[in-house]
Amino acid sequence: MISSKPRVRFAPSPTGALHVGGLRTALYNYLFARRQGGTLLLRIEDTDRARYVAGAAEKLAETLAWAGITFDEGPGIGGDHGPYVQSERSDLYRAHAMRLLEEGKAYRCFCTSEELEAARLRQARSQQDSAYDRHCRTLTDEHITERLDQNQPHTIRLLVPLAGELQFRDLIRGDVAIHYDVIDDQVLLKSDGLPTYHLANVVDDHHMEITHVIRGEEWLPSTPKHLLLYEYFGWTPPSFAHLPLLLNADRTKLSKRQGDVAVEDYRAAGYLPEALVNFIALLGWNPGDDRELFSLQELEQSFTLDRVSKAGAVFDIEKLKWFNAQYLRALPPETLAEYCGPFMRSAGFDTADSDRTAAVASAFAAYLTIPSDIVSHLRFLTISQVTFEDEEDIDTVSSYDAQKVLAQFAYLTETLDTWNASSVKDMIKDIQNDTGVKGKKLFMPLRLALTGERHGPDIGLIAELLGRDACLRRIRSQLV
RNA sequence: GGCGCGUUCGUCUAGCGGUUAGGACGUGGCCCUCUCAAGGCCAAAACACGGGUUCAAUUCCCGUACGCGCUACCA
């Protein structure tokens, strides 16, 4: 590779929502391209009619955009190497399949799915290798012509050498070698005329001038087939980098059942794109030093493939929560309020006053992992009156000292010029001087009377958020 | 079953022959403090196993075990 700029791609299949593993693959491709000043393109691999989900491609693009991943070429973006949707490139794949056929590097297979399935079952029962038995590899021309004349549905299979070994160097794993004799005569063109992944991906990567294929480890075993295809076509193959898998807590491949896997799920739950991206970037890559908090821009500057690890990484939601809490806390009040607003409204909080909304939201910033956490902290603001069920709470508020404190609080409240966190704090100091009550005995009755809870933010702040009138009302209601 | 890839604290990871094996999340403790959260400090916690190579292996090689992936007319 001379100094030419790399071209990489993210090539999802529109079969559903974007998986977090897919997001990471997209992210690494994006970071690699940005770091090298290269080009990233989006290609939709919709060659499986059966699994196609309408609208999924658009949704995928939208989710990627949410995460901050932008493409230089792709559907709806444009570029010189389109179309970027495989279903619009069928003729190209078919032509290439025909070329292999003519050159004796592929052959027609008339075996039906049922026959193949039955063969596989037989093989499984007798514990044999499950591979295509190459039944049609040796069909006579006569035979083939006859079936073609009958319009018999068929596939086109790759003619894999019977012996020999294929070696390649993976950018992440180093040298990998696989014997041809364990490689199946892969179907390249399905009987519906559409290509399989193997054909389409090679043809497209070549025509789209992809220089580096950065994809999940699940593709490692089929890379020799792809390399063979490059060889058959006489093309220079791209470099390959196979990323380690993302795993469940039990170390199986990350999947539904054991938690959310769709990026949309995390988005809906209130995770910030910055947090998700930061977290996911570190699942299989590290900067080589102790830094952990990375903006997308910082990742773009630091990312290199040689620091990608080989082993799978468990998706630990606890660490994602920590990242999210970090980012949530760092948000300016107005932005935090935007995230929390809907939840605050659902908790019965009137968000019409944006300054007040921002103030309340940021008062609880340190308490939040996700925006919806704010709901439980807002109870004290939205209840009409404070009542106690716990005997201990009642005792705390009704003790002799507590009553002195509450009475003095009510008295001084009316004399206070300005009502805010710091003036209330000063006032509480005065109450301490006036009553001689201090510490927990001073604060807890006030906290309880004002909020009904024993825990929460600074009491001055609570008083400010509640407002003078509400405070007065609540304190008085606890006076015997 | 076959083939491939992998294996450092519970989790994410640093380490690229000689280190008290470092950091982060989580966990426990202490501090701060009216409480909780946040924050600060401290602690417990790992080189899968067996052979080599070497003066010296977490590090290099081989094997075993375990895990994962692939083994579709899915990607």
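Within every chain, numbering begins at 1; the chains are lettered A, B, ... in the order of the sequence lines, protein sequences first and strands thereafter.
- When the P atom is used for both U59(B) and G18(B), the distance is 11 Å, rounded to whole Å.
- Using a 4.0 Å heavy-atom criterion, one finds that Ala11(A) contacts no nucleic acid atom at all.
- As a whole-Å value, the separation of Leu461(A) CG from A37(B) P is 17 Å.
- Using a 4.0 Å cut-off, some side-chain N or O of Thr47(A) falls inside it from OP1 or OP2 of A75(B).
- Put simply, the side chain of Arg89(A) gets close to the backbone of Pro83(A): a donor and an acceptor are under 3.5 Å apart.
- Comparing the C1' positions of G63(B) and G26(B) gives a spacing of 36 Å, expressed to the nearest Å.
- The phosphate of C12(B) (OP1 or OP2) has no side-chain N or O of Arg24(A) nearer than 4.0 angstrom.
- Listed pair Gln326(A) / G39(B) meets the phosphate criterion, a side-chain N or O lying under 4.0 Å from OP1 or OP2.
- Separating the CG atom of Leu245(A) from the C1' atom of U11(B) is a distance of 17 Å, rounded to the nearest angstrom.
- Between Asn286(A) and the phosphate of A14(B), there is a side-chain N or O to OP1/OP2 separation shorter than 4.0 Å.
- A donor-acceptor contact under 3.5 Å links the side chain of Ser191(A) to the base of C73(B).
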Run Glu292(A) and Lys319(A) through salt bridge (charged side-chain N to carboxylate O under 4.0 Å, His left out) and show every step you take. CA-CA 11 Å; Glu292(A) 292 213 281; Lys319(A) 187 131 189 192; 3.1 Å; yes
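- Close to G15(B), at under 4.0 Å from its OP1 or OP2, lies a side-chain N or O of Arg307(A).
- Looking at heavy-atom distances under 4.0 Å, Arg173(A) makes contact with sugar-phosphate atoms alone, never a base.
- In this structure, Arg329(A) reaches the G39(B) phosphate: one of its side-chain N or O atoms is under 4.0 Å from OP1 or OP2.
- Between the side-chain ring of Trp322(A) and the base of C25(B), no stacking contact exists by the 5.5 Å and 30° definition.
- Residue Ser309(A) has no polar side-chain atom (N or O) positioned under 4.0 Å from OP1 or OP2 of C12(B).
- Judged by Watson-Crick or G-U wobble contacts below 3.5 Å, the nucleotide C3(B) has G69(B) as its partner.
- Between Arg291(A) and Glu298(A) there is no salt bridge, since none of the side-chain N atoms of the basic residue sits less than 4.0 Å from a carboxylate O of the acidic one.
- The side chain of Lys319(A) sits closest to C25(B) out of C25(B), C34(B), A37(B).
- Using C1' as the reference atom, G39(B) and G22(B) are 23 Å apart when rounded to the nearest Å.
- In this entry U64(B) has A48(B) as its Watson-Crick or G-U wobble partner, both defining distances falling under 3.5 Å.
- In this entry the distance linking CZ of Arg291(A) with P of U13(B) reads 17 Å, nearest Å.
- With respect to Asp401(A) and Lys441(A), no salt bridge is recorded, no charged nitrogen being found less than 4.0 Å from a carboxylate O.
- Ion pairing of Asp205(A) with Arg43(A) is present here, as a side-chain N (NZ or NE/NH1/NH2) and a carboxylate O approach within less than 4.0 Å.
- Picking from C70(B), A72(B), U11(B) the nucleotide with the shortest atom distance to the side chain of Asp184(A) gives A72(B).
- One can find a donor-acceptor pair under 3.5 Å joining the base of C74(B) and the side-chain atoms of Arg51(A).
- In this structure, Glu217(A) does not pair ionically with Lys310(A), as no charged nitrogen and carboxylate oxygen lie closer than 4.0 Å.
- The Glu218(A) side chain lies nearest to G69(B) when the options are G69(B), C12(B), C73(B).
- Between Arg251(A) and the phosphate of U7(B), there is no side-chain N or O to OP1/OP2 separation shorter than 4.0 Å.
- Protein atom NE2 of His455(A) is 16 Å distant from nucleotide atom P of C34(B), rounded to whole Å.
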Mind listing the N/O atom pairs, protein and nucleotides 42-49 of chain B, below 3.5 Å?
none

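- The residue Ser222(A) sits apart from the nucleic acid: no heavy atom pair falls under 4.0 Å.
- When heavy atoms are screened at a 4.0 angstrom cut-off, Cys109(A) is found touching no nucleic acid atom at all.
- The separation of A44(B) from G29(B), taken at their C1' atoms, amounts to 10 Å, rounded to a whole angstrom.
- Contact annotation for Arg447(A): base contact, defined as any heavy-atom pair under 4.0 Å involving a base atom.
- Of the possible polar contacts, one joining the Asp373(A) side chain to the Thr369(A) backbone as a donor-acceptor pair under 3.5 Å is found.
- OP1 or OP2 of C74(B) sits under 4.0 Å from a side-chain N or O of Lys190(A).
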